[in-house]
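Structure below; questions to follow.
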Amino acid sequence: MNELTLHPVGRIHSPFREKFGIPRQPGLIPDVRMRLELLPPWDVPEAVTGLEEFSHVWLIFGFHAVARGQARPTVRPPRLGGNRRIGVFASRSTHRPNPLGLSVVALEEVRLVSGRAELWLRGGDLLDGTPVFDIKPYLPWAESLPDARGGFAAAPPERSPVVLAEAAEEALARDAELAALRKLIVDVVAWDPRPAYRAGATDERVYGVRIGAHDIHFRAQGDTLCILDIVPGESAHE
Ligand code: SAH
């Protein structure tokens, strides 16, 4: 059994509808909620019995939106400015020999809907539609390692200051559903999703991030990121 065929046990429903803008690790946006829909035959309540006693779970998932066959022995992680190479196995790059992701997320609720189990999660870094191949409880005594060394990513990334232009404030004021996403929108921009080589350089480009059904436009103004406006998204998915 050297080769393994994986079948999803669940699928993620996330406000992140495209890769651009998703935080680069779980927990950076602790409030963001996601639903993990379990798929038959693993959607039965028995499969999650006892899981509700855990506060966090590990998800093993597929980077399904990454083009296949692009893995290389070295990668240029954004945290190194995108210009220093390290080994793929020293990175959390999505371009890997086997496109598997690993994220620890908060488990808010195990819910039964018409007899089918679903997990409500917080803090994920996952794209909408992500296939989940396994779910395991997080074991704090074994897996919380406060003395561990964090290599080139020892410290958490830095947040950028964010301001909202008048058009963005107006869009939020017009739409209560959108207003509920205000913190999420600001958090996504604050973690500066621009390619690493742009941050720090003069960058006049307007970027768009899709959150839920909305496109958020932003631009750098020195070290500050300005949300220019928020408009209805042009397509439901990337
Ligand atoms: N915590 C995970 C992911 C790290 S990379 C791990 O270490 O394995 C994080 C990036 O993965 C996000 O910024 C997002 O752009 C990307 N991503 C999330 N879900 C994805 C998916 N289903 N397909 C491709 N890329 C995805």
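First listed ligand is number 1; within each ligand, the first listed atom is number 1.
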Q) Side chains of Glu166 and Asp229: does their closest heavy-atom pair fall under 4.5 Å? A)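 No - every pair of side-chain heavy atoms lies 4.5 Å or more apart.
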**Q.** Salt bridge flag under 4.0 Å for residues Arg219 and Glu204
**A.**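 Looking at Glu204 together with Arg219, the answer is no, because their closest N to O distance does not fall below 4.0 Å.
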Which pairs of N or O atoms, one from ligand 1 and one from the protein, are separated by less than 3.5 Å, and what is the distance for each pair?
unit_1: ligand 1; atom_1: 1 (N); unit_2: Gln25; atom_2: OE1; d: 3.0
unit_1: ligand 1; atom_1: 1 (N); unit_2: Leu102; atom_2: O; d: 3.0
unit_1: ligand 1; atom_1: 1 (N); unit_2: Ser103; atom_2: OG; d: 2.9
unit_1: ligand 1; atom_1: 1 (N); unit_2: Asp125; atom_2: OD2; d: 2.8
unit_1: ligand 1; atom_1: 7 (O); unit_2: Arg92; atom_2: NE; d: 2.7
unit_1: ligand 1; atom_1: 7 (O); unit_2: Arg92; atom_2: NH2; d: 2.9
unit_1: ligand 1; atom_1: 7 (O); unit_2: Leu102; atom_2: O; d: 3.4
unit_1: ligand 1; atom_1: 8 (O); unit_2: Leu102; atom_2: N; d: 2.8
unit_1: ligand 1; atom_1: 8 (O); unit_2: Leu102; atom_2: O; d: 3.4
unit_1: ligand 1; atom_1: 13 (O); unit_2: Ile22; atom_2: O; d: 3.1
unit_1: ligand 1; atom_1: 13 (O); unit_2: Pro23; atom_2: O; d: 3.1
unit_1: ligand 1; atom_1: 15 (O); unit_2: Lys19; atom_2: O; d: 3.3
unit_1: ligand 1; atom_1: 19 (N); unit_2: Leu127; atom_2: N; d: 3.2
unit_1: ligand 1; atom_1: 22 (N); unit_2: Gly62; atom_2: O; d: 3.4
unit_1: ligand 1; atom_1: 22 (N); unit_2: His64; atom_2: ND1; d: 2.8
unit_1: ligand 1; atom_1: 22 (N); unit_2: Thr130; atom_2: OG1; d: 2.8
unit_1: ligand 1; atom_1: 23 (N); unit_2: His64; atom_2: N; d: 3.3
unit_1: ligand 1; atom_1: 23 (N); unit_2: Ala65; atom_2: N; d: 3.1

Q | NZ/NE/NH1/NH2 to OD/OE distance under 4.0 Å, Asp203 and Arg205 | A |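 Here Asp203 does not pair with Arg205 in a salt bridge, since their nearest N and O are not under 4.0 Å apart.
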Q.
Given 3.5 Å as the limit, does a donor-acceptor pair link the side chain of Arg11 with the main chain of Arg35, or not?
A.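 Looks like no, no N/O pair under 3.5 Å.
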Q: Go through the steps for Arg24 and Trp191 under the test side chain to side chain contact (heavy atoms under 4.5 Å, CB included), then give the verdict.
A: CA-CA 9 Å; Arg24 291 181 174 123; Trp191 289 121; over 6 Å; no
Q. Step by step, would you call Leu38 with Ile135 a side chain to side chain contact (heavy atoms under 4.5 Å, CB included)?
A. CA-CA 10 Å; Leu38 294 179; Ile135 303 160; 3.6 Å; yes
